[in-house]
Amino acid sequence: MRSTIILRPADMSDAALLMAWRNDAATRSASHSAALVSPAEHRQWLQAQLRNPDMQLYIAESDGTAVGTVRAAGDNGVAELSWTVAPEARGRGYAKAMVAALANRIAGPIRAEIKAGNMASVKVAEHAGMSFQQQSGDVLHYVRAALTDPQS
Ligand SMILES: CC(C)(COP(=O)(O)OP(=O)(O)OC[C@H]1O[C@@H](n2cnc3c(N)ncnc32)[C@H](O)[C@@H]1OP(=O)(O)O)[C@@H](O)C(=O)NCCC(=O)NCCS
């Protein structure tokens with residue numbers, strides 16, 4: 001049976017882990033920016049995320065092992081979700097579990113941008129309650145309205 005996922009807030013001690021996942025080739029090809037980030041750039045980025053009151057950045061853990069990251073960025077009342085699973089932990093349902101867990105905690109509307117062809121992430125977004133809204137260029141826009149009966 002698959003273990004339960006827990007989401008814990010990220011902190012600066014996660015910098016190396018998050019950078020390794022960010023610089024993974026599949027992650028870069030699914031991102032808006034495909035460039036490799038340096039340790040200095042990454043630390044600066046992470047510090048800014050952790051100070052931003054409109055950003056919720058989590059590490060997903062299974063049995064005490066970090067298996068992925070999911071975040072929600074406030075954007076005019078709509079939270080934009082994005083996610084990455086550790087390369088060695090992919091294909092085990094972790095993305096579906098962690099993104100749905102965060103989506104269920106957010107009462108307001110949510111959205112996600114997914115590169116066309118990223119079928120795994122399309123399934124992840126749909127599992128989290130989002131629906132296809134429109135395509136612009138090679139980006140698919142997924143949205144979910146505010147929850148009428150949010151989980152606490
Ligand atoms: C995309 C990503 C998050 C998926 O994570 P994961 O933990 O492997 O996903 P899950 O195991 O929860 O699988 C989600 C669904 O996608 C399917 N799937 C997984 N890999 C797939 C692939 N390469 N092609 C098509 N479907 C795939 C799974 O079978 C599952 O569907 P199912 O429940 O109908 O069987 C992960 O591969 C990743 O981090 N990729 C790089 C970064 C990225 O793409 N981030 C998202 C940007 S929007």
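Keep in mind that this is a model prediction, so the values were computed, not measured. Note that these values count all heavy atoms, side chains included, but never hydrogens, waters or copies made by symmetry. For ligands, and for the atoms within them, numbers begin at 1 and follow the listed sequence.
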With Gln135, which residues qualify under side-chain contact (heavy atoms from CB on, under 4.5 Å), at least two apart?
-> Ala116, Phe132, Leu140
Got an N/O contact under 3.5 Å between Ile114 and ligand 1?
-> no
Using distance alone, determine whether Val85 and ligand 1 share an N or O pair under 3.5 Å.
-> yes
Going only through I, L, V, M, F, W and Y residues with side-chain contacts under 4.5 Å, is there a path from Met12 to Trp21?
-> yes
Identify the protein heavy atom lying closest to [atom], giving its residue, its atom name and the separation to 0.1 Å.
{"atom": "atom 11 (O) of ligand 1", "answer": "Gly93 N, 2.7 Å"}
{"atom": "atom 42 (C) of ligand 1", "answer": "Thr27 CA, 3.7 Å"}
{"atom": "atom 8 (O) of ligand 1", "answer": "Gly91 N, 2.6 Å"}
{"atom": "atom 43 (C) of ligand 1", "answer": "Ala30 CB, 3.6 Å"}
{"atom": "atom 1 (C) of ligand 1", "answer": "Ser121 OG, 3.3 Å"}
{"atom": "atom 5 (O) of ligand 1", "answer": "Ala95 CB, 3.1 Å"}
{"atom": "atom 21 (C) of ligand 1", "answer": "Ala120 CB, 3.6 Å"}
{"atom": "atom 13 (O) of ligand 1", "answer": "Lys96 CD, 4.2 Å"}

Hey, is atom 28 (C) of ligand 1 touched by any protein heavy atom at less than 4.0 Å?
-> no
Atom 23 (N) of ligand 1 within contact range, any protein heavy atom under 4.0 Å | no
A student comparing His32, Lys123, Met98, Arg28 should find that the heavy atom closest to atom 34 (O) of ligand 1 comes from Lys123
Can you tell me how far apart [atom1] ([X]) and [atom2] ([Y]) are? Round to the nearest 0.5 Å.
{"X": "Leu57", "Y": "Asn52", "atom1": "CG", "atom2": "CG", "value": "10.5 Å"}
{"X": "Thr27", "Y": "Leu18", "atom1": "OG1", "atom2": "CG", "value": "11.0 Å"}
{"X": "Ile59", "Y": "Arg71", "atom1": "CD1", "atom2": "CZ", "value": "11.0 Å"}
{"X": "Lys96", "Y": "Lys123", "atom1": "NZ", "atom2": "NZ", "value": "7.0 Å"}
{"X": "Ser82", "Y": "Arg111", "atom1": "OG", "atom2": "CZ", "value": "10.5 Å"}
{"X": "Ile110", "Y": "Asn104", "atom1": "CD1", "atom2": "CG", "value": "8.5 Å"}

Out of all atoms in ligand 1, which are within 4.0 Å of some heavy atom of [X]? Include the element for each.
{"X": "Glu113", "answer": "48 (S)"}
{"X": "Met119", "answer": "25 (C)"}
{"X": "Thr84", "answer": "39 (O)"}

Worked check of side-chain contact (heavy atoms from CB on, under 4.5 Å) between Thr84 and Asp24 | CA-CA 10 Å; Thr84 305; Asp24 164 65; 5.9 Å; no
Under 4.0 Å from ligand 1, counting heavy atoms only, is it the side chain of [X], its backbone, both or neither?
{"X": "Arg90", "answer": "both"}
{"X": "Trp83", "answer": "both"}
{"X": "Asn118", "answer": "side chain"}
{"X": "Arg92", "answer": "backbone"}

Check: [Y] and [X] side chains under 4.5 Å, non-hydrogen atoms:
{"X": "Arg105", "Y": "Gln56", "answer": "no"}
{"X": "Arg22", "Y": "Thr69", "answer": "no"}
{"X": "Met98", "Y": "Val85", "answer": "yes"}

Has Ser82 got any heavy atom lying under 4.0 angstrom from an atom of ligand 1?
-> no
Would you mind listing every side-chain hydrogen bond (donor to acceptor under 3.5 Å, both in side chains) that reaches into residues 41-50, with sequence neighbours excluded?
-> Ser38-Glu41
